[in-house]
Each structure stands twice: as structure tokens, then as C-alpha cells.
Number of protein chains: 2
Amino acid sequence: MNFKNFIILILFCSNTFSQTTIEQLNLMPWPQNITLNEGKFLLKSNFKVNITGVVNPRIFTGTTNFLRRLDGRTGMFFNQGYIKNTNEEPNAQLQINSLKKGSVGINEDESYKIEITSNKITINATTDIGVLHALETLLQLLQNDSNSFYFPNLIISDFPTFTWRGLMIDVARHFQSVDVMKRNIDAMVAVKLNVLHWHLVDDQGWRIELKNKKKLTELASDGNYYTQEEIKNIVRYADERGILIVPEIDVPGHATAILTAYPEIGSKYVKDPKEQKQTQYTIERNAGVFTPTLDPSNPETYKLLSEIFDEVCPLFPGKYFHIGGDENEGKDWDANPVIQKFKEKNNFKTNHELQSFFTLKLVPMLKKHNKEIIGWEEIMNDKMPKGTIIHSWKGPNEGSPAGESLINAAKKGYKTILSNGFYIDLMQSVNDHYLSPIIPKEAVLTKEEKDRILGGEVTMWSELVTSKNIDSRIWPRTAAIAELFWSNEKAINLKSMKKRLQFVSNRLEELGISHIKNKKMILRNISNYQDISSLENLSNICEPLKIYTRNKGGTEYQMYSPFTLFADACTSDASDAIDFNELVDKYLQEKKPEDLSRINHYLKKWIFMHSDLVHLSENAPLIQPVLPLSQSLSNLSKELLFAFEDKKQIDKSLLNELFAKCNSKNHADVELAICSGLEKIIDNLN
Amino acid sequence: MNFKNFIILILFCSNTFSQTTIEQLNLMPWPQNITLNEGKFLLKSNFKVNITGVVNPRIFTGTTNFLRRLDGRTGMFFNQGYIKNTNEEPNAQLQINSLKKGSVGINEDESYKIEITSNKITINATTDIGVLHALETLLQLLQNDSNSFYFPNLIISDFPTFTWRGLMIDVARHFQSVDVMKRNIDAMVAVKLNVLHWHLVDDQGWRIELKNKKKLTELASDGNYYTQEEIKNIVRYADERGILIVPEIDVPGHATAILTAYPEIGSKYVKDPKEQKQTQYTIERNAGVFTPTLDPSNPETYKLLSEIFDEVCPLFPGKYFHIGGDENEGKDWDANPVIQKFKEKNNFKTNHELQSFFTLKLVPMLKKHNKEIIGWEEIMNDKMPKGTIIHSWKGPNEGSPAGESLINAAKKGYKTILSNGFYIDLMQSVNDHYLSPIIPKEAVLTKEEKDRILGGEVTMWSELVTSKNIDSRIWPRTAAIAELFWSNEKAINLKSMKKRLQFVSNRLEELGISHIKNKKMILRNISNYQDISSLENLSNICEPLKIYTRNKGGTEYQMYSPFTLFADACTSDASDAIDFNELVDKYLQEKKPEDLSRINHYLKKWIFMHSDLVHLSENAPLIQPVLPLSQSLSNLSKELLFAFEDKKQIDKSLLNELFAKCNSKNHADVELAICSGLEKIIDNLN
């Protein structure tokens, strides 16, 4: 055997025997059952898809998009361009069968089975919605070596743990374009979410074109709203992808926008309503909980709402309508003698009873359009029909035990979903969300009660995001939460999740999700189009201020403030910070010189970073606000380097002083995410 | 004076006396008149805008968007959020006055005047459309030092040289989303273009929803089309920004999509029309010139077209309708005895006469909707009404002198515009376009003839682009061409243009133009989400194959092929290549050691780049196709380094052989743009 043949043999063997391991799979959410077999299906350009069975046309869009994404990733020129009918390619390598037409909603059979062998891939599902899930799994299964792409031989059978797997997007605080909605729908599908809760109305804006109530958009949208055609278009787009859209019109609180257009149904007391009500309300520009509230004692309120529902409901074919109901503090009710008299007359002891009266009035208005009501937990009262879904949201931030209302609702016979723990606008680590199960371990529930817990919903409130950075707040963390909603609790594994999440996060780019690219774009603007590597380095150890600490009092930022600042480029789970903090832990445990050397490398990098930022700032005013932070870190890094190098006696009080400056949260609305690591280093110096 | 005060004095002085120079201004297109004065207007958060005069509401959208872009760039928290009425802020620092309502079209007064003094900025314009131009100029004027943003004191008075300043986007070959259209409209406004020519129909697809001709989208769009609401939405969006939209339905050639839906009006000869015509046409997937052509002898053709125009025209309020008319080779006409007989009967000697008959039949159909006709140069014939605009496109690539038909049309009394020289899909250098004036210097024209030359139009044909990289083909080169259309020919200056273009290119990001960010995204996919710096380095010296050489025969790529390849990330005017080639010229002239050292640095960088790419390719099959090129460059670089270091006798034949491999155009659909520099180095070695 000559040398060349020997090499070929080695390549051949390594190719044949390289076996995919379960750890190599970047599936998210992790499937219910998976059996890995030997061998693989090698992808070639003659790859084709064939569909059989009874299907909804969405399967053709879905499989055609699947082919396009597969060729985009692999650069392969597939012969098959479009799939438009069943049984077009009987000999195709990918055979898909669906037993019946799927319909979008939360009670559909979403299960699927994939079998991959060396020469064939088979997808079987009850409905085309299961098929769409299978195609996403297949895309996540794609592997490669240096020259080829392949799928590992395996069998997967999969189905969701929870039936309501939602993402809420608030388009009232900051309007989000049609494009933002569509690309996020695609990303939802990629991680098997199935409900898009569209928060369309709040104090800061009304976002729905109403042909019979033009004042709402004319006076309360700043020109930023969806036309009815756009709404239908988005609903159709979502339906084609198996996503149910649940619209929300938040009442009776959060009503500043509605009342800007229709002040006559507001609760604010004025002596002569005709004279003064018109000037009582203006669209809200700040963030927070505001007093404007609909007047539950005024018959005109119900007339208007009924007319609104009559026009809005037909735009949304789904079964559920979200009526909000949260955070009505009742201040204007308490201050209004007319409402007080109404309360007395009806024998309502509390504002909650009054709000329940209001909520119950909405039930028939929505029933008329075959809608079941879903509302935030404040709508719960004994008279609500049992089909109502209670949306549990309060938790420690609101002074309640997490998910208390979820358990209460389930016990009282209501269906319910959980959002507490999934408030991604709070910029917490993905770990915090991932380790927060929907049903608390300690909860004691009967099977019936458990069954009433339909699932969970991620909430993206938009006080501090624009279309340019909303993706970086939703993703990738929502993918990990989606696993909590879909997968068996036994599959929940933090370390494995973080590795898979990185893969899933990258692949979201092919769906147009801009979390990676727009971060760099914001930094380019900050640097005034100079080199951004130092800003990137800083952003990789900084995280935006968390849990309502960024926008103090809700008045630092208006809705029209710039969100092109350093904090807007930063994200939670800053990558270098995670690495550094883990490195410090490892070093302190094992004391290996190579780990110390990596720590030193970080410290030197941060010293250079600061001097580079100072240099860049000469031509970039937007860098100025981060300099005190990079200066503090540079100072501390220098001292730590000295300490490590034994060049100077350790001055703990100086180190602590320098550390305190780094650990301050008064820097450009970010916090330094390496502080835990830095603190441990200082504590362990002696 | 102590040292600290001395420093403060220096800073103060440098601040006071630093005077903006004309070279610092990054205006594009360059204004007609500009006088720079001493001093500057310092931007502060109390900055406000006030509008007076007679205005169209587009001015409120325009000024509000202006504020948002200004705060995005500067990070300033302006107090003023929205501008909704005239005279809202009489004491505002920016005073805008418009004399009358502007209307979108090519005959509007677009002139404006800006005066900036240290405490006030004044914009005066005849119409709000002039005001929009002024706001874009103002944004380009923004300067900064290390801590502040300011506008230099100056007076600008400006107006366009040509009245038709167009960009054509082909959405037939590759459909482009609403978002792509909108962001490109914004970018057009930024460089003062005023006509968006929307190429909506071609062999590869019909993109307009017709309620009375549903077959067109059902059979000939692959589901990719604009609803009528979306079209109206885009037209409204354009109108708000002062942009005229000119729709194109290309007939009688380029008609495969129309004939896929309505084969009965095709020219293909079949003995028994009823039996066979239905199967004659299928939507085209390749690129090129195809035979399917409407039948000019069939009355049904005109009936159908008339009905189509009746539904399409009302969607577009503008005065012009583009009917295509190009590249009808008449093959099916020649082969069809019925059409031959018709030709004979009507005494038409040539197919051009037959096409003229066809074209003249369209005139009244469009006149009915108050539309003037514009068409590609082939529509020119002596009977066309003089209001017709002849769209000159042929040039050396088609065997004609550049702009021949432009001069002919002007001389024959037609209005005319030029696209030859502005085919940006050909991936040529911006220099080639920028140095190609609309009216050739040698043309001898009377004033009347010259006046008939309305302007120019950039054409973005979309055979080889998708929504993900179309921006990188249109921009930034179109900004330089826009200068050719707007500015005085005396302002045309290659060196100055290139510097200003870089600035304008960067700032297009704030309008959503994705040319910078999507390049990196494509490279991330190619690298399989490993480090992309070596791929970026390679892409900065490579350019996609030019002038119809990439997609040989039009059949290498189908419309559904992947456009996520290395060539799709590369652009014309590769940045490092320009730098390297200039560096070589400089070194060969001046022989400075520091320039040789920079050349050596490049060579070393390319040697490392190749070894890094080999390493990355172990986990990235999509890198494989570029390795032969990086290998060849690495080999040549090594030999050149040896040669410079005198370590080896120079082997010219080896160098030439290695160079030939670099200079081959058989590498991953790109060419190495440093070849001219490399060749000069080799030639000068001895």
C-alpha cells in the first residue's frame, strides 16, 4: 500500500466509524424520547422531500422553507425548488406523512416521530403541526465534518409537556414593526413555542387600526399602529407556522391611550364632565403604573368596549382573547364620588369587586365572538366562567410568593398559565429562568388541578427596547425557557442547556433574528465607526441593570429617548464574564498556573481595553459615559497584576476601594458582571 | 498660571479656534453652493424644531424621524418627542419654513437653503420636499469632537441638476420583502434620489395581487407577492418621504410569468391551441433572455392587459407607468405562422414594427388612467406620443455605444433617462459608475435636446441577490451615483467621493440598511460560527465575479439556489485590495522602506490567513471552496517574502505560475482584487 492509499483508508475509516454521540446533539427543546443508532444519512444535492397523507397547505410552505434553510446552511444546490403538492416525489429520501389536517390552537396533537437511517428519513405525525415541529428538530440535528453535512441515524418520538407555550410581545410601549413580529414568529417555531400573546394596547399607545373608531389611532398611536390588513397578514403568517395569536386589549387600567381618544369614559372626577374631560388624558411617555382607568359605572364604557371587540375579534380567528386587567390601583375610582356611589349602590366592598363587575360585563361581549377570556391574575373572581384562563404573573418583585395565583387558580377550577419567572425584560440570567419550573416542586395538586395548568408564557415588556434590540432581549434566553415548557423535567440540565443554547442562538440568525448583528451595529455607532473590538470586549463583561433598576422611577427614559446606548448593546449572560467567573472558581479550587495565567491575560486585556477606549473617545462622545467604568476596572486590574506578580505588598483596603468602584451600578446603566470573580480573587489574596 | 489652568486654556483655545474645513464635510450628494463660516452650533438636549409655512403632513413625519435619528447618533435625550403641528415651538433653535405643499413627482421644486449660525439653524424651502432634502443634509453635517456634537456655521443653497434620480429594484427574479423596499426608500432619501422604479413582473414571477386575475399570483408567484394593501402601504411610505414610485409590468417579452397564468395569449405556435397551450409555459427558474412573448396579433392579449392596467394603475398615484419592452428577440413570433400572416397583412417589415404596433395599443389603456408611458429603449418608434420617456439601457455589453439611444431619443423629441453605466448588479467598482456622466462630454445637443434628458436610474437586477444581501449590492455605490444625478459636474471628484462615501455608507446603518451587518452574518454561517476574522480578511481582498461572468449561461444558479456563499458576502471595491494596490503603486514610485514593510505585513497576513482557514475548514465544509484560492495566495506570498528578503534567487517563472493561479477566476465565484498590485510587484522584481 502506498502512502496516498493509506491516507485515503484512514480518512475512510474515520468517516465510517465516527459515531455521533448524544452530547453532540444540539436539540432544544430536548425531545421526550431519543434513540441514537449507528451510522448516518449523508446529505447530497439530490436530496428531496415527499409528502403524503392529509395535510393543511401550511405543510408546503413549511417544507419549502425547510429546504431553503437547509441549502442556506450547507450551500448545497438542491434540485427540488418548491413543494406544492402531496406525493410529488415518491422516491424522495425524506418521506413525510401526516394523518390529518392540523388546526392552530392549544388542543391540537403536536406529536411527531422521526426515523433516520442511512438512506432514508421518515417523519410521521398526526397533523401537519407535528410535522413542522419535526422539521425544526431535523434542522437542529444537522451535523458536519470537514467536507460534508449529515444527519445521525436515530429515532425520536416527541410531544409537548405543556400545551400553552407562549411568548408575549408588548408593542404598546415601543411599537414593533411587522418584520419584527414575523421574524419572532419564525424563531418561536424554531423552539416549538405555539402561542404569540400580542400586547397591543397600553398607556403608551393603541396599535390596532379600527375603521369605526379612528380616533384611537389618530390620537393615541403617534402614527405607529398595524393596519387591519397587516394584522390579518401576521395572523395568517402565524397560522401557516402553527402559531396561535392571542390579542390583548388591557382594561380597565393601563388605559391612558384609550382615554386619550375617549376621555368621556375615564374615571377621573371632574365637576362638569362636558367642559373638562377632554383635556384630562394625554398619551403616556414614561414607564410605570398610571392612574387612568375606565369608568365601570358608565354604560358608555361598555358600549364602546363592545364596539371595539366587534371590530377586533374578527381579525383574530383564535379561541382566546386577553383582556389584561392588571395593576388597576383604583386611585381614580376612590377619588370619584360618582363611582363611589355606584359601588355603594351595588354593595361592592372592594375595588376588586368593582373590577370583577366590570370584567363579567366583558364575558358576553367576547362570547358573542366565540372567544374565551384570558386575563392577568387580578381578573380572578368566583363568578368568572370556568373556561377563563388566569394568567399568573406576580411574584417576589410584587410582594407575592412566585406563582401563588397559578396554584390558587388551578385549585379553584380555572385553567391557568404562568409568566412569573419568565419576565425576560428584567435582564436576568437565563439560569434564573431555566431553573424556575412552571409547577413548583412543593405544590400539592390533584391530577385535575395539575391538568388545569396549561403552561407558561415568556413576557417581553418593551419599555426599554426598540425594533433594533428587542431580539437581543427575547433571544436566546427564550429558547431555554421553551425547553422548560416542552421537555420532560428530567431533561432539564443547566450545563447541557448552555452548550445547546449557544448553537440554537447562532442558528436563529438564519430566521432574521438580529441579536448578534445589531449588538455590533449599536457598538459601531457608539464608536463613531472606529474599531469596535474594545467596546465589544467591555460589552462582553457588562450587563444592563436588572429588575427595574435601569429606568428609575420610570421617568429617566421616555418612549422617544435614544436606545442606542452602551447598555442597549449589552445583554444578560455576558459571555466573557461567565468565562472569567468560572475561571476564578476553578483557579481558586485547583490553583493551576495555567488558570492563573488566563486570569492575568484577562486583566491585561482590560488594562489595554481602557487605554484603547480613551483613545477612541477622542473622536466618539458616546464612549465617554463608559470610561469611568473601564478606568475603575483598569485600575483594579493593574493592582491585581501587581499583587499576582508579588511586586508590591498587597493593600487590601486599596483593592476593596477599587473594587467598590467597579461594583457600583452608577455606570452607563450597566453593571460589571465579573464582580463576583474579582471579589473572590481579592478575598483570597494574602 | 498653574499647570492645570494652562491645560484648560489650551483645551478652551483648541475648542474655540478649531474650525471645520470643507474637507471635513461628508456631504453626498455635494450641494450646489456652500459657504463655510467661522464658529459652530453646539447640539444640546434642549434642541427643538419649529415648522412654519404651508406644509404637507409629510413634514411632521420627516422632522420627527430626523429628531429620532439625531438622538440615536448622539445619545442625547431631547425634550421634544414628536412634531405634529406647525408653530409648536416658536423659540426652537431649528426653524423650518416651507412656502407651499410639495407634491411627489419629477417636476416639483426641490431646492432648499440652510443657514447655520452659533445659536440658530434656519431651513427655507419652497416645498416640504425641499425641507426633507435639507434635513438629510443637516444630518450629514453633524460633526463631533471628543465630548460634543455640533453643526458648523455655514450657508448652503442647493437644488438638483437632474430631475429624475432613480433606483430600480427588480423584485421578480428574487422577491424582496416590504421591509427591504422600505429601508431602501429611506436610504434613497438620505442621498436625495427621488424615483423608485419597481420592476414587479418578469419571467421569474408576477408580484402584484390582482383581485380580478388571481391566477397570476396563484400560478406565477410561488406565493411571493405584494398584496394590494402592501403596495398602497409602500406607496404611502414613499410619498411621505418625497419618493415617486414608478411600477413596471414588462411586456411583450419577459412574459413567462404572465403566460404561465394565461398561456392563451402567448406567441408559441401550437396547432390546436385549446389542447396544448395550457402546458406551454412554466415559470422560469434560470436567468437570461427567454422566448415567451405575448401574442401581438391576438385581441385577447389587449383585453387582458387593459384589465390588468385597470386594476394596477389605481394602486400607483404617480404620473408614470413603465411597460418594459426590452429584449424581445421575436423568436416565437418568427416561428408562428399566424403571427407571420398578421405581420404581412399589416405590412410590418420587422419585428420592431410589430412591437411598435403592440406598444401603441397600450398608450390609450394607460392614458385612461392619466399615465404617461416610460419603457426601455426598444419601445422607441416614430408614432409614440412625445410625452413618452425612453429608458436608455444598452451599452458596450450589448454591442452599442454607451447611451446612444439617450442621445437619439433627445434628438427625436422624446424625454429620456439613462441606466447604461449604472447597472450595479454587474458588481463593478464605484469608480466605473461615478466617472460615467449622464450626458457624454462629446455629445452635441441643443438646449431643448439637453432638457429632454431628465436624469438617470441605477438598476438593481436581482438574479443573484436575496433580501439578505441586496443592500450590499445597492449600497454604498448608489450613493456615489446619486451625486452624479444631483450635483454640479464640477463637484465630481473621485478622491473626495471615496472618503465621503465611507461616511455615508456607515450612516446608512441607522436606516436599517444591512450591507455591513449581513456580510458578517453570511461569513458566520460559512465559518460554522467559528471565528470569522480570516474569512473577513479574505473577503476584503476578493470581489464577486463581474459583468455576467458569475452565473454562466444563466443556469448555474436557479432562483432557489443558496445565496449564502462566499461570493455573496463579498462586494465590489474590496477594502484591503484598494489599500494594497495603492500601497504597491506608492512603493514602486517612492521605494520607501515603511511601505515595503506594510506590503510584507500584508503578505504575512495572507499566509497566516490561509493556515487559519485550513484549520477552520475542519469544522466548516463551506470554507472548502475558498481554500484553493487562499492556498494560491499563500504560496505566492511566501515566494514574494523570500524574494524581498533576498533569501532566494528570484524565479520569475515560478512567480508567474503562482500568480496565474491567483489570477484565475475559477475560485468560488470570486476574483482576487489584489492581482494588479501583485503583478506589479512581480514585474518589478529583479
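As the structure is a prediction and not an experimental result, all values here were calculated from the model.
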Cut-off 4.5 Å, heavy atoms of chain A, and the answer for B:Arg68 is side chain
Check: A:Ser146 main-chain N/O paired with B:Gln624 side-chain donor or acceptor under 3.5 Å:
yes
For chain B, which of A:Asn233, A:Ile526, A:Ile516 has the most heavy-atom pairs under 4.5 Å?
A:Ile516
Among A:Ser514, A:Gly72, A:Ser177, residue most engaged with chain B (heavy-atom pairs, under 4.5 Å)
A:Gly72
Using only atom types and a distance under 3.5 Å, with no angle test, would you say the side chain of B:Lys468 pairs donor to acceptor with the backbone of A:Gly512?
no
In chain order, what residues pass the ring pair (Phe, Tyr, Trp, His ring centres under 6.0 Å) check against A:Tyr225, with sequence neighbours excluded?
none
Ring centres of A:Tyr560 and B:Phe78 under 6.0 Å apart?
no
Tell me, out of A:Phe563, A:Phe149, A:Tyr557, A:Phe77, who's got the most heavy-atom pairs with chain B below 4.5 Å.
A:Phe77
Report the distance from atom CG of A:Asp179 to atom CZ of B:Arg183, rounding to the nearest 0.5 Å.
7.5 Å
Under a 4.5 Å cutoff for heavy-atom pairs, which residue among B:Ile522, B:Asn144, B:Thr564 has the most contacts with chain A?
B:Asn144
Counting only heavy atoms closer than 4.5 Å, note whether A:Ser467 contacts chain B via side chain, backbone, both or neither.
neither
Mind running side-chain contact (heavy atoms from CB on, under 4.5 Å) on A:Val178 and B:Val178 for me, showing each step along the way?
CA-CA 9 Å; A:Val178 172; B:Val178 171; over 6 Å; no
Residue among A:Thr227, A:Asp222, A:Leu565 with most heavy-atom pairs under 4.5 Å to chain B
A:Asp222
With side chains defined as the heavy atoms from C-beta onward, is the minimum distance between B:Lys517 and A:Arg524 less than 4.5 Å?
yes
What part of A:Tyr82 gets closer than 4.5 Å to chain B, counting heavy atoms only: side chain, backbone, both or neither?
side chain
Taking 4.5 Å as the heavy-atom cut-off, does anything in residues 502-509 of chain B contact chain A, and if so which residues?
B:Asn506, B:Arg507, B:Glu509
Heavy-atom closest contact (B:Gly75 atom, A:Leu622 atom, distance)
CA-CD2, 3.7 Å
Main-chain N/O of A:Glu510 paired with B:Asn525 side-chain donor or acceptor, under 3.5 Å:
no
Within the supplied structure, the quantity of interest is the number of heavy atoms (other residues, nucleotides, ligands) at a distance under 6.0 Å from A:Lys44 NZ; does it exceed 12?
no
Highest number of heavy-atom pairs under 4.5 Å with chain B: which of A:Asn528, A:Leu70, A:Thr466, A:Leu67?
A:Asn528
